[in-house]
Each structure stands twice: as C-alpha cells, then as structure tokens.
Amino acid sequence: MAGLPTSLFAARSCVASVRIWISMSDRPAVVTRFAPSPTGYLHIGGARTALFNWLFARHTGGKFLVRVEDTDRERSTEPAVAAIFQGLDWLGLKSDAEPVFQFARADRHREAVMDLVAKGRAYRCYMTAAEADAEREQARAEGRALRSPWRDRMPGPAQDAMPYVIRFKGPLDGDTVVEDLVQGTVRFANRDLDDLVLLRTDGAPTYNLAVVVDDHDMGITHVIRGDDHLNNAARQSLIYEALDFAKPAFAHIPLIHGPDGAKLSKRHGAQAVGDFEAMGYLPEALRNYLARLGWSHGDDEIFSDAEAIAWFDIADVGKGAARLDWDKLAHVNAHYLKAAGSERVFDLVVTALTAKGQGLEAEPAARLKLAMPLLQDRGKTILELADQVQFVIAQRPLALDAKANALLTPETVTRLSRLKARLDGTETWNAPDLEALLKDFAQDEGIGFGKFGPALRAILTAGHPSPDLGRVLAALGPKESGLRMDDKLSHSD
RNA sequence: GGUCCCUUCGUCUAUCGGUUAGGACACCAGAUUUUCAAUCUGGGGAGAGGGGUUCGACUCCCCUAGGGACUACCA
C-alpha cells in the first residue's frame, strides 16, 4: 500500500550504476555515501551526516554517493524519497552518481545470504515469533545475546512447510573490534552480538545485511554516519568478515540534539530541512552552521564552501553530541543574507510574502527590487526581511494612527514642506547624500533630528519598521517619497 | 537489565602534559541615536564529582554521576 511505484526503482539503472563503480579501474581512493531511509523528511541531523560525507569526499577528491534504504516496504514512501532528494538538492549536496535504491538490489542481497549459508555462516531458523521472544528473554536473563536453537539443528521433514528466516551465525566467543575514525577503538564481546536476521520470512533482506553488501558493491571506502549505528558496526563487521569483504573505514559522528539536550524532535521547532528553508534560512548558511556543529577548524566560524572543503577532516570531528542553537544559526544566516545577491534575496522575500498571502503588484514589487540592497542587512532570516520590507511595499495613501497624526503639528508640517522643497531639488538620490541633506537641514533649521525625524518617519513608513531616514528615502525613491509627503503635507494645513 | 558511546563558559568549540584555559553565538554595561535593528568598546561566564599516574593534568588511567545509542523479521 505504501509501496513505491516501480518506476522509481528501475532495477536496471540502479544495479548498473553500482557495477560502473566496480569496474572502473580509476575508481577514486575515497567513496562516501549518504544512506537515508525514506520514511519521512530529510532530518536536519541526516543533512549534517550528508554534509560531512560530501565534505570528506570533496576534500579527498573522492566521490559522494546517495543510496536510499528502502528495504522496509511498509514504511518507505515515495513522497519521502522526493522530500529527501529535494532537501539534498536545496542544500547543494548532489550525488556524484545516480542514486542507488536498495530494494532494487534484493536479489544480490539474497545471493550474498546464500553464500553465507553455503559457508556455514548463516542458518535457517524456524522459531515462531513467540518462541523467539521466549528465547530472547532467556538469553537476556543469562546475560548473553539471542541465539536460535536452529543454529546447530538440521531441519527435518516437519519443517518442510514451515516458514523460516535466515539468521547470521555469529561467533560465541572472542571480540569484535571496530576501529572508528571518530570514536577510536571500540571493542565488543561476540557473546553480546545476537544472531541477527539476514533474510525475513518473505525472503526480504534486512538492513544490516543490505548495508554491508551495498557498501561493498558500491566501493564505499568510508562509512560516515550517525553514532546510533556504532553498535551495528560490530554486527556488520562480522558480516563483512564472513562474506570475505574488505571493511571500509568507519566514522560514527555524534547526533544533533535539541536546545534542551534531548533528542531532536518536532517540539524543538524544526526537524526537516524543508522547515529551515520555509523559515527563511539560506542553504549556504545552513551548510556553514551545520559543518561547524561537531566539527571545527581552530577559531574559524564563518567560512566558504571552498574553505570547508579544504579544511575538513574526520579527525577534527568532535565526539560529543551537539545541540542546535537557533541564535547562532540566525547569526550565521544574517551574515550570508548580507552577502547574497540582491535579486536572489528579492526573489526569496517575494516568495515568502506570497506564502504569507501577500502577493505583490508590479509597482511595489519594482520599488522593492530597487530597494533590496539597502534592506537586506535588516533581518536574520528571509521571514524577518519580509517584515522589514513592509514600509516599502505599503500602498498610498498610508494610514497614520492617532499617535502619528499627533506628530503632524502645523509647525512640523511647514517645516517638512521646506524639507520637501529641498528634496525636490536633489540630484543625487542615494542614502548617504540624503542622510547628509537631512543633517544639513536640521542644522539650517537650528533644530535636532528629534524635532522632525519622527514625523517624517511616520509620513514615509506609517509606523512600519524602517532603517535610517536617509535609507528610507533612498529605498522609497524620489517619486514615492514625494508622493507620500504630499499626501500628508498638503491637506493638514 | 545488558552492551557501547559521550561529558571544557548558557550554547558551539580551541587546547593534542606546562596557557592569566582562547574564539564565536547568547547575555550584561557603555558609546552611537531619527523608530527598530545594526555597529563599536568593555564585562561576567567553563574543565561533572572523586581517586590515581606525573615534577606538573582539562589533557593519561580507574570509579561514580549525568546524558545518549543499540539490544526488531525498523533503518
């Protein structure tokens, strides 16, 4: 039901892409991969995992691949696949080859399992679910991992029609050592590693088997993933050995937690990469922030992609879990917002405005486009910018509240009329010159800004958030500024 | 319960046995001031606790506490 259309899982292309890597004699020295399971949106933690894989591949001149782990047919959905690809795309983390869909490779996985059975490293297990539960309970009581009684028992005629799974035949003693690039040497006692299921009753491969086979077939050299998989690395290590596959290097990076230290979840505001986009963050800002979360290069905080690529090293990834800090993300975003091209910021602001149900007509849109360079440093996110930009796109005549009207005393109105006359004669309509003109005006009138600034601001912005008056005038342009002033100056005398 | 991982300012982190423990965000104060911001200057703020090892531990080892992951026919 939740199954995926076969078109997305064209086995031919998926398998072929894998074979290309294997047959290439000049295969890169480093191949990393991001392997999400399509059960939801691209999680911000997953995005960081993808980023680290991408950075390491770029740093080493290697390849970055994407593999969709969709072996769980019940939970995998097509919208999730699309959302993940869209998230990666937005973040600028593109796979260097066609993405591989794990489900399409089920035959290859079964083949590997049969190999294991033939080698005596896996066996058919006929336990029912209830029996397995009982067995598990007993194993737990004895302080060891689950083993099946079928481990050393040959099935008889009675089993002929019985369903079975294929379990890995794990060693009973000895240790399995995972040499992790981040966590160091981690030792597991084999008695604690259970005989995990390799093939389900319906013949479908399970995760731990599929990852090993796929990572091997895809030529993955470095498995960089969340440290929630550190335990799995031991189980997978055993499978690599049983299959006679060379093991990749492992790097288990800490997970991202919410601001309160708990596992990141919905209540922390956002989880999906798409949420960050909707909240008005720039992809390059998120990349910078995410890279800095758990990884560092001395005191560097703001850096370009090129610098991140040049500097990134797994050895500099920290071991502790990091918390998401919205303030710092906002700060980084503000930096990139200032540096971004005005046309791009304008487009994003318009999109945000439209999403808020505030579509723009041609004239205010044109005004905003021209004003954008003067305004894009006034917010930390596109959403904040959408608020900061309201005074520009407001339509005449502006409605002033009682407080603003109170500012327009006869004296102030005549004073502003004199200012208007001076503005009308201005040739250089730009923020610094306008600011200077305003200063000169105040001096010539023998007054401080406080005597006419608030009133002028009210006339020009109707109380919307706005920058320095020089910038306000510049942003509005000579025509709109003049009209807004005329609106209020001509008929209150 | 078992196994494994983690622990420096509020947060992200630097430090790779010898530093007045540095930076960034946040916070506080001051400057600026025509709203709100921004900006500039200054300030407070940390090695979870306890044992060792060492001439000397944030750094190495052990214990405890706290946090996290795994312990599925999920990935």
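Predicted model, so just to flag it, every value in this text is computed and none were measured. By convention in this document, chain letters (A, B, ...) are assigned in the order of the sequence lines, proteins followed by strands, and residues within each chain are numbered from 1.
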query = Taking atom CG of A/Asp180 and atom OG1 of A/Thr185, what is their separation to the nearest 0.5 Å?
reply =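 It comes to 9.0 Å.
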ask   = Rounded to the nearest 0.5 Å, what separation is found between the CG atom of A/Asp194 and the CZ atom of A/Phe168?
value =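 If I round to the nearest 0.5 Å, the distance is 10.5 Å.
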Whole-Å distance between [N] [atom2] and [X] [atom1]?
| X | N | atom1 | atom2 | answer |
| --- | --- | --- | --- | --- |
| A/Leu324 | B/G10 | CG | P | 19 Å |
| A/His252 | B/C70 | NE2 | C1' | 11 Å |
| A/Asn232 | B/C5 | CG | P | 15 Å |
| A/Asp133 | B/A72 | CG | P | 9 Å |
| A/Glu384 | B/C36 | CD | P | 16 Å |

Taking only the side-chain nitrogens and oxygens of [X], find out if one of them lies under 4.0 Å from OP1 or OP2 of [N].
| X | N | value |
| --- | --- | --- |
| A/Ser296 | B/A14 | yes |
| A/Thr71 | B/A75 | yes |
| A/Arg200 | B/A75 | yes |
| A/Arg378 | B/C36 | no |
| A/Lys328 | B/U11 | no |

task = For A/His222 and A/Asn53, test the side chains for any donor-to-acceptor distance below 3.5 angstrom and give the result as yes or no.
result =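 Short answer, no.
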query = When you check the side-chain N and O atoms of A/Gln236 and A/Asn208, is any donor under 3.5 Å from an acceptor?
reply =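 Yes.
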What's the gap between [N] and [M] when it is taken at their [atom1] atoms, as a whole Å value?
| N | M | atom1 | result |
| --- | --- | --- | --- |
| B/G23 | B/C70 | C1' | 36 Å |
| B/A37 | B/A29 | P | 14 Å |
| B/C40 | B/U54 | C1' | 47 Å |
| B/U53 | B/C62 | C1' | 11 Å |
| B/G43 | B/G22 | P | 12 Å |
| B/U32 | B/U20 | C1' | 33 Å |
| B/C58 | B/C9 | C1' | 13 Å |

Please evaluate the base of [N] for a donor-acceptor partner in the side chain of [X] within a cut-off of under 3.5 Å?
| X | N | result |
| --- | --- | --- |
| A/Asp299 | B/G22 | yes |
| A/Ser466 | B/C36 | no |
| A/Arg323 | B/U11 | no |

query = Under a 3.5 Å cut-off for both distances, is B/A57 Watson-Crick or wobble paired, and to whom?
reply =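 None - no nucleotide pairs with B/A57, as no candidate has both distances under 3.5 Å.
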By nearest atom, which of the nucleotides [options] is closest to the [X] side chain?
| X | options | result |
| --- | --- | --- |
| A/Lys380 | B/A38, B/G10, B/U13 | B/A38 |
| A/Asn231 | B/C74, B/U3, B/C6 | B/U3 |
| A/Leu255 | B/C70, B/A69, B/C12 | B/A69 |

query = Is any side-chain heavy atom of A/Leu282 closer than 4.5 Å to a side-chain heavy atom of A/Asn333?
reply =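 Counting from C-beta outward, A/Leu282 and A/Asn333 do come under 4.5 Å.
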message = Could you tell me if the side chain of A/Gln159 sits less than 4.5 Å from the side chain of A/Tyr164, heavy atoms only?
response =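 The answer is no, as the side chains (C-beta and beyond) never meet within the 4.5 Å cut-off.
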